[in-house]
Every structure is written in structure tokens, then in C-alpha cells.
Amino acid sequence: MPHSTNHNPSYNWSKLSNVYYTIQTCYDSINWSLESLYYNYNLKLSPNSTLVAISGKHSQYPNLIDVYSIGGNKLYSIVYNNTIVEHIHSYLFRNECLILVFNNGKFRYYYDLSGCLFNQYDMLQDITHMDNVGSISQQPQDHHHHQQTIITNLENNEIEIPINIIECKIINHRYLVTRMIGKFIITDLDTFINYEIPLTSLNSSNIHTFTSQPTTKQDSIILHILYQNTIITINIDIGLASYEFINQQLTDGPFNSISSSPNGQLITLFNAQMKKIFVVNNTFDQVLLDYDTINESGPPYQIEWCGNDAIILSFKDEIKLIGPPGQQSISFFYDLIDDDDENEPQSDFDLENLLTKQDEDLSFTIPILQTSIDGVRILTDHKLQFLSRVPQTTIDLYQIGSDHPSSILIDCVDKFAEYASKADTNVSLLKHDGTLLKAMEGCLEVALDEFNPIWQKKLLSAVSFGKIYYDGDDDEDGQYFDSEKYLSILNNIKVLNQLRSIEIGLFLTHKEIENVGWESIIRMLISRNHHFLGLKIIDLLNLPNLKPIIYIHWCCAKIKRELTMSDIELFKIISKKLISLNGDQYNYISVGEISDVAHEEGRNMLCKLLINLEPSMIKKVMELLKFEEPELALLKCFQSGDYDLCKILLLYLQDNLSMSQFFRVLNQNEQTGHDASVDELRELGIKIRSESMVITGDVIGNMWVKSIGKYDKSSGLLESYLHQENKTHELVVTKLKSISPPQSSSPDHEPQPHELEEYYSTYKQTLTKALSKRSQHRQSKSIHRQLAILDLQKRLTETYLTNFYIHKSLTAILSHLIGKLNQLKPAQKIAKEFQISQEKFHQIVIGAYAPTKQFDHLYEFAMAGPPPVGYEPYVDAGFRYGAPAVHLSNYIKKCTKYDPGQKMRLFAKNRDWEMAGLEGFRIKDIGMLRDLLELVGDDDGDGREIVRGYIEKLGYSL
């Protein structure tokens with residue numbers, strides 16, 4: 001941590017034009033014992049400088065890579081036995097994941113901080129070739145471009161193109177971009193899909209380097225290539241697998257280095273021959289700064305951005321900050337210091353001190369720079385510093401002589417002990433002016449950006465002091481001080497200081513944490529095994545949604561670490577942790593990642609136990625399918641009672657399993673598909689929601705038949721399944737449904753006699769064959785009846801020259817015979833022949849005549865004799881289809897199931913006021929008659945007279 005100093009922070013500020021910059025020490029003593037970092041080592045810094053990967057610079061290929069925290073604590077080492085055929089070409093970070101790139105086009109992706117867990121990929125396999133969407137005039141042309149070297153493999157005599165990797169970079173925290181001779185290979189590190197961009201029109205020897213320009217567009221990459229005297233821009237759209245070349249047509253090259261500001265708005269270019277640095281906009285059509293380095297001690301070792309509005313150069317013993325306009329700069333010097341000077345850099349050149357040193361004591365320090373969104377980090381052998389622009393709120397508070405309310409407030413705190421009355425007067429003036437709230441908020445804002453704990457404490461004390469005096473009612477805007485905000489900032493500062501400790505080594509600014517998000521910070525902590533600290537931070541900052549991340553990582557690490565512990569014991573520990581998180585409920589955490597690790601470690605019982613605790617049925621099913629447990633997945637799915645999910649899973653299994661495997665899955669029940677892990681859960685006293693649901697018999701198979709199989713007419717899978725299950729009746733029904741009767745294509749085109757005969761023969765043959773295989777009386781009887789109906793269809797078709805085969809049921813045949821052909825007597829004979837009851841026959845007649853409005857035929861049939869179903873169905877059908885009123889009244893008269901009140905209402909509905917009034921008069925119910933009179937309405941004078949007459953006959957007057 002930085003030394004605690006009591007002097008005003010503004011003493012360390014340096015002014016560039018009208019902007020103040022400050023350099024602050026993060027760690028003034030890094031734990032490692034490395035010397036001359038720049039000369040002796042190759043360094044790669046992770047984003048935000050949380051990790052450093054270091055290898056020796058003097059070996060041909062890196063074979064030992066040490067990964068340190070930025071505080072100098074070694075986290076792990078990677079040793080690789082390089083050979084001429086395969087060796088490490090380069091290494092770099094994606095976030096905190098180290099990537100080793102090999103000369104043969106393969107790379108390793110280390111996804112933790114142990115140095116043991118990695119996956120290896122090949123960037124030259126399964127390449128997606130991208131489309132060039134640019135016009136020919138936009139593409140650079142080089143008639144002397146590089147010719148690709150071709151060699152012959154002596155082992156197999158095959159012609160090969162050698163792999164020549166030149167440089168690699170991580171772009172947009174997602175893409176590994178590798179420049180080879182003649183092409184770029186872009187690897188998406190989320191999907192590990194490889195894309196190729198050919199550079200056949202460019203001479204590789206004229207390409208100096210490349211960089212990227214930050215972009216907010218998803219799946220988009222902008223590359224800038226330093227080529228000859230110009231810049232070639234490649235706009236890449238990963239989503240569309242396309243790219244476009246743009247020649248920026250510059251003439252001030254060749255350029256040796258290029259870098260983009262964090263927001264992508266500005267770009268630096270360095271021409272070593274001209275010894276000039278250019279700052280241009282991102283469209284390369286405006287030069288904002290032209291800086292000449294001819295008077296410097298040599299060419300800069302690094303050119304980086306300090307935030308978004310200044311550049312910083314690294315020289316021997318010096319860093320130089322440059323900003324517009326003109327040649328203005330600030331220098332900070334290293335190693336030219338007094339022994340008592342706390343090892344701080346000097347911004348003044350101490351010639352006297354230099355002359356008093358002996359030559360053998362002189363050693364050069366070359367600062368190593370890394371750009372941040374709000375500044376730049378400066379790493380030397382034993383120190384880490386941060387150079388940044390001083391925010392205006394900080395200037396208002398700290399600048400000597402400032403009259404800003406926040407500056408006055410913090411001055412009150414300093415003077416309170418000795419000049420209490422003056423401090424009281426000053427703070428009262430702030431209160432009177434209505435600026436006390438502004439002063440407190442300014443102190444809080446500066447406290448978040450402050451590195452020094454002493455000044456953090458002073459600023460927070462000033463806010464607490466102001467709270468004593470502040471009353472929101474006195475504020476001219478009626479605003480209140482947000483105590484919750486104060487507490488939140490206080491907790492954020494506590495967390496920041498804890499993260500910045502040299503033991504943790506996450507020295508991040510508040511803006512950087514806002515940029516990466518707290519989830520990323522928690523993941524950084526758990527990768528360092530600081531699970532308890534992560535939980536404390538989550539509680540302190542009220543981020544409960546991040547707790548599952550810690551618990552999942554801890555459980556996975558526990559499984560990997562406990563090699564001798566049994567599956568049951570491990571499950572007890574893990575389930576106890578999950579219960580402590582969710583309070584006996586597993587509704588907030590998915591165990592998929594934990595079960596995956598258990599499976600990778602060969603702990604199958606633990607894997608199944610964990611899957612049972614998965615709250616999402618979809619994820620539970622996916623996990624079981626992943627581990628090749630389709631029977632168990634289907635059983636769990638049916639136990640959940642989710643019909644749609646069951647249907648989707650059956651369709652998935654039908655497409656992905658062989659026929660025999662699929663039929664075995666359909667045949668299972670709970671006895672054959674029982675999950676032994678459920679018994680273990682019961683013994684441990686853990687109840688899962690689906691274990692009480694019993695799946696017996698052939699529920700699964702029947703559901704597939706009813707919801708999927710019977711609609712799949714092309715594959716023949718249903719017939720194969722029914723045949724295997726010896727379900728002959730269902731198989732016959734299926735086959736019969738597949739035999740379609742000849743249909744009329746139009747009124748003028750009826751089926752030909754030979755088509756009808758062919759259908760009759762095929763259908764009868766299928767029924768006869770099925771009859772010979774059946775032994776069950778009930779099913780044999782059903783087939784005999786179907787044969788009789790088929791013969792009936794044949795007879796009727798030949799008699800009436802109408803296709804009766806299209807009517808599958810006997811009811812449909814009789815309805816057509818009665819309603820369409822008006823053949824009531826033949827229909828009666830058929831009903832008697834097939835032993836159809838009179839009740840059902842009357843319903844068939846009503847259903848045939850009423851919808852077609854053949855009311856006279858229906859009335860004649862009904863009145864031929866008392867119908868066995870009564871006259872009530874005729875009344876209902878008459879009202880539904882609009883039978884004549886006289887028919888309805890006669891039906892109602894003959895109804896025996898209606899009481900007088902019901903009859904009166906039915907007569908009234910039929911507007912037969914005479915019969916309605918007569919029903920009321922017969923039972924002498926004056927109330928019913930008066931209600932009837934209201935139903936008649938004023939517009940029907942005759943009806944009202946009839947009802948009034950019956951009321952008067954009962955001796956009542958209106």
C-alpha cells in the first residue's frame with residue numbers, strides 16, 4: 001500500500017497545459033526479487049494489471065513462465081519442454097486466463113490460477129473463410145507480394161505450407177488474433193471457432209505490426225495494420241463472417257508502432273525514421289498532435305495512453321507525459337533519488353545527486369507501462385504506480401486556496417480541535433448558503449478516487465461532521481442527505497482497501513471496478529481461493545445474487561481436492577453448503593457446473609445425487625442426457641408432470657437414438673428406470689419434489705403413441721413399436737387408419753368403381769388377417785363388426801351409387817342415408833340389423849334432419865309414436881335450429897319431464913302466449929301469469945290481451 005503522508009495531495013500534482021496530473025504509488029515494495037525487468041524478462045500484464053506473466057528474455061523460446069500477482073506473490077509456474085518442432089511462440093492474457101500459443105498453430109487456454117487446468121485447441125482446424133465485401137479499389141495492391149513457401153514433408157512426401165506465426169494479440173477481451181505470413185487467423189475464445197482473413201495482396205515483409213481499435217458493436221473487430229508508409233484498416237464482422245479492407249492513404253510512414261486510446265477515439269503513430277509521434281483521430285483524417293522526439297535520449301521504449309486524452313512515453317530512468325497542444329510535456333525521473341526520499345520518482349532532474357554517484361552504482365530503470373481507462377500503470381523492478389488526470393472534484397477540494405464548499409468543509413475538520421468556533425462558523429456559513437450538501441457529496445466523490453487511507457478517513461470524517469449540521473428542510477431545494485449512499489461509499493472504500501492489500505494484489509481504481517463489474521471481481525477472488533473474503537464483500541455491498549458463484553466454485557474445488565473422500569461424504573458436505581445458501585430450498589442455484597466436475601472426476605454417484613438437486617427440470621434433463629442417461633432423464637421428466645417438456649424430450653430421443661434404444665426407453669417404468677440415488681437422498685433426509693410421483697405401466701409408451709407416433713405417418717416407427725409390443729389390435733387400427741378411402745376430387749369427378757373395389761379388398765384383407773391372429777373375444781367381436789360395416793358400405797355404395805366408404809362409423813352411414821338420401825326405412829332396417837337401440841336411432845334421426853332443416857320429415861317421424869327418448873330432445877333441437885312454432889308447441893305439449901312452470905317458459909320462448917297462459921291458469925298461479933305478462937312486452941297487444949284474460953278468469957284485476 002502507499003505510504004501514509006499527511007501533506008496536501010496537491011503537492012504531488014503536475015500541470016500540463018491547463019490539466020493537472022498526479023502519480024500515486026500503489027505498492028512501494030513488490031514482493032518478488034526480480035531485477036532489470038525490461039532487460040531480463042518478457043512480461044505480459046493482464047487487463048487492469050492484476051496479473052503478470054514473466055519469462056526469461058535470453059532463452060530462444062520461453063520454457064518457464066511464472067505468473068505473479070501485481071503485488072509480487074507467485075501464483076503458479078508453467079514448465080514446458082520446448083523442441084524445434086513444437087515450442088512456445090508467445091503467451092498472453094484473456095482477462096486472467098493465460099494463453100500459450102505454440103509455433104504449430106495450437107494454443108493452450110488455462111482457465112484457473114493453478115497452472116494445471118487447461119484445454120488445448122488448434123487455430124488451423126475447421127477454419128471459416130470470411131467474405132471480402134470491399135470494392136477492389138479499396139483493397140491494397142502489392143504486385144511484389146510475398147510468395148507462400150511450400151515444403152515437402154519427408155515422412156509422407158506430402159506438400160505442406162509451413163506455419164509462420166509472427167505475432168498474437170487478444171482483441172476486445174474475446175478474440176485471439178494471430179498474424180501469420182499471408183493471413184490473419186481470428187479465434188473466438190467463447191466458441192473456439194476459427195476465421196481466416198487472407199493477406200495475399202500484401203507483402204508480409206512490409207507489415208510492421210498491427211493493433212485494434214475498441215468498438216462497442218458486438219461481434220465487430222477493427223484492425224489497423226502498419227503497412228509500408230500507410231495504415232491498412234480491416235473492418236471485420238464476425239456475425240456475418242465478412243471483412244473489408246480500407247487503405248487510409250497516409251504518406252508519413254513507415255510507422256513502427258501504433259496504439260489506440262481506451263475509448264477508440266484517438267490513435268498514436270510513431271515514425272522512428274522521422275523521430276516523430278503523431279496523434280490522429282480514428283478516421284486518420286486529422287492530426288491532433290505532432291511531437292518530435294529528436295531531443296530525447298533515444299527512441300521511446302513504449303508509447304501508451306494515459307486515459308483518453310494524453311500519451312506517455314517510456315525512456316531510460318524517465319517517463320514523459322505529453323498532451324495537446326504543441327510540444328508540452330511533463331517528465332518523471334527514476335533512480336536519481338536520495339536514500340531518504342521514500343523511493344518516490346522525481347519530476348526535477350537532480351544533477352548534483354547524479355554527479356555524486358559512482359559509475360558502478362548507476363543502473364537504468366525502464367518503466368513498463370499499461371494503459372487503463374482512467375490513467376496508466378507504471379511498473380518498475382520493485383514499485384507499482386498509477387498516473388492519472390486529477391478530476392475537477394479533487395481539484396476543487398485539495399487545491400491550495402480553493403473556496404469550494406467541499407474544501408471549506410474538510411478545512412473545518414482540520415481546524416475543529418484548535419479553532420472549534422471558527423470551524424463552527426464556517427460550516428454554519430455553508431449551511432446558510434445551501435452548499436453544505438454539495439460539500440458533503442464532493443467529499444464522498446473524492447473519497448472513492450483516493451488511494452491514501454489517511455485522506456479517505458479525513459474525507460469521511462468531514463462528511464460525518466457535516467451531517468451533524470445538515471438539515472434537509474433548510475436546504476433551498478428541500479433535498480435530504482442520502483445516508484444510504486454514505487454507507488454504500490463507506491463500504492466500497494473498505495472493500496477497495498482490502499482488495500488493494502499486497503496479499504490480495506487487486507489494486508484497482510473505483511472506475512475500473514465499475515467498468516469490469518463486481519461479478520468479475522468476485523471471480524478474481526475465488527480464483528485465488530479467497531472464498532470467505534468474497535462472501536464478506538457480497539454481504540457488505542449487498543450483492544446476494546453473486547453468492548452462488550462462490551458456492552459453486554468452492555464445491556467444485558472441494559471435489560477436485562478431496563481425492564480419498566467417498567461420494568456420499570462429499571455430497572453431505574456440498575448439500576450442507578447449498579442448504580446454508582438457500583435455506584432448505586434449492587431454488588436459487590444451479591448445480592450443473594458442480595455435477596460436471598463430479599463427472600469429470602469419475603464420481604458418478606455424486607454426479608447423480610447432485611443432479612437430483614437441480615431446481616430447473618430442463619437443466620436436470622440436459623445434464624442427464626449429457627451423461628448418457630436417457631432413461632433416467634425421461635423418468636424424471638415424466639415425474640415432473642410437464643407435458644410439453646416430456647413431448648420435446650421424446651421427439652429429441654426419437655431423432656437421436658437407434659430404434660432399439662428408443663423402444664427400450666419407451667418400455668421403461670419406475671421399476672426398470674429406478675434411480676438408486678433417490679434412495680440415498682431419502683436416507684439423508686433430503687426430499688426432492690418429484691420423488692413422490694410414481695410412473696408405472698406403459699405411461700411413457702402410451703404418451704408417445706397418442707401425442708407423437710400416430711401423427712408420424714412416414715417413418716413407420718409406430719407400426720414397428722406396436723408390432724414389437726405385440727399390440728395387434730392397436731396395430732390393426734393403425735394400419736386401417738393408413739388405408740384411406742377414395743375421395744371425390746370434385747363434384748364432377750367421383751371415384752371409379754375399380755378404385756372403390758380395390759379399397760374394399762385391401763381393407764377387408766387387413767381385417768381378415770387381424771382376425772386370424774386374435775384370440776381375445778372382445779377384440780375379435782370388434783373386428784367382426786367392422787367387417788359387417790365394410791360389407792354394408794359396399795352394398796350401399798352399389799345400391800345408391802354413392803361413396804359410402806368415406807363414412808367410417810355406422811352413425812355417419814345412417815346420418816348420410818337419412819339426412820342426404822331421405823332413406824329412413826332402410827336406415828331403420830340397418831339399425832335393427834346392427835342392434836342399434838331405438839333411443840340412439842332417434843338421436844341419429846334428430847342429428848340428420850334438424851341441422852339440414854328438414855323439419856317436416858322430423859315432425860312426421862316424431863309424431864309416428866311416442867319416441868323412447870321423449871319429446872325433450874326434439875324441443876332442444878327445434879329451438880337450436882329454428883323449427884316451426886307449431887311443431888315446437890306440439891312437442892312441448894307432449895313433454896312429460898317438464899313441470900308447468902318450465903312448460904310455460906318454453907311456450908313463452910316460442911311466443912305461444914295462449915298455451916303459456918293456459919299452463920299458468922291450470923295451476924292457478926297468479927304470480928306466474930303476472931311474470932308472463934311482463935315477458936310479453938308492450939309491442940304485442942294480442943299476447944297481452946290473452947294473458948290478461950287468464951288473469952281475470954282467476955278473479956284478479958290489473
Side chain to side chain contact (heavy atoms under 4.5 Å, CB included), that's the test. Do Trp704 and Ile700 meet it? Break it down for me. CA-CA 6 Å; Trp704 176 79; Ile700 298 175; 5.9 Å; no
So does Leu821 get a backbone contact from the side chain of Gln823, meaning a donor-acceptor N/O pair under 3.5 Å? yes
Taking atom types as modelled, find out whether His842 and Tyr874 have a side-chain donor-acceptor pair closer than 3.5 angstrom. yes
Leu935 CG to Arg905 CZ distance, which is reported to the nearest 0.5 Å: 9.5 Å
Flag side-chain contact, heavy atom, 4.5 Å: Phe627 against Ile611: yes
Could you check whether any side-chain N or O of Gln902 sits under 3.5 Å from a backbone N or O of Asp899, counting only pairs where one atom can act as donor and the other as acceptor? yes
What closest approach, in Å, do Trp913 and Gly943 show between heavy atoms, and which atom pair accounts for it? CD1-CA, 3.6 Å
Sequence neighbours excluded, which residues qualify as salt bridge (Lys or Arg N to Asp or Glu O under 4.0 Å) partners of Lys840? none
Are Asn612 and Lys636 packed together at the side-chain level, in the sense that at least one heavy-atom pair is separated by less than 4.5 angstrom? yes
Just by distance, do the side chain of Gln654 and the backbone of Phe662 share a donor-acceptor pair under 3.5 Å? no
Run the numbers on Glu623 and Lys626 for salt bridge (charged side-chain N to carboxylate O under 4.0 Å, His left out), then give the verdict. CA-CA 5 Å; Glu623 286 291 304; Lys626 184 194 300 182; 3.0 Å; yes
For Phe855, check ring pair (Phe, Tyr, Trp, His ring centres under 6.0 Å) against everything at least two apart and list the hits. none
State whether the side chain of Asn910 and the backbone N or O of Leu906 hold a donor-acceptor pair below 3.5 Å, judged by distance alone. no
Determine whether Glu519 and Asn545 make a side-chain contact, defined as any pair of heavy atoms from C-beta on separated by less than 4.5 Å. no
Check: Glu945 and Asp942 side chains under 4.5 Å, non-hydrogen atoms: no
Does the side chain of Leu625 reach to within under 4.5 Å of the side chain of Leu653, using non-hydrogen atoms? yes
Does Glu593 have more than 12 heavy atoms from other residues, nucleotides or ligands lying within 6.0 Å of its CD? no
Closest contact, heavy atoms only, Cys637 versus Val621: CB-CG2, 4.2 Å
Considering all heavy atoms of both residues, which atom of Met915 and which atom of Lys893 are nearest to each other, and what is their separation? CE-CE, 3.7 Å
Can you see which heavy atom on Ala848 is nearest to which on Ser815, and at what distance? CB-O, 3.8 Å
Side chains of Asp856 and Tyr849, donor plus acceptor under 3.5 Å: no
N-O pairing of Glu952 and Arg948 below 4.0 Å: no
Applying the ring-ring contact (aromatic ring centres under 6.0 Å, His included) test to His887, which of Tyr871, Phe879, Tyr859 qualifies? Tyr859
Decide yes or no for Leu635 and Gln639: does some side-chain heavy atom of the first lie under 4.5 Å from some side-chain heavy atom of the second? yes
Check: Pro900 and Arg922 side chains under 4.5 Å, non-hydrogen atoms: no
In a check of side-chain contact (heavy atoms from CB on, under 4.5 Å) between Leu650 and each of Leu645, Asp655, Val665, Ile708, which one passes? Ile708
Could you check whether any side-chain heavy atom of Leu792 comes within less than 4.5 Å of a side-chain heavy atom of Phe804, counting everything from C-beta outward? no
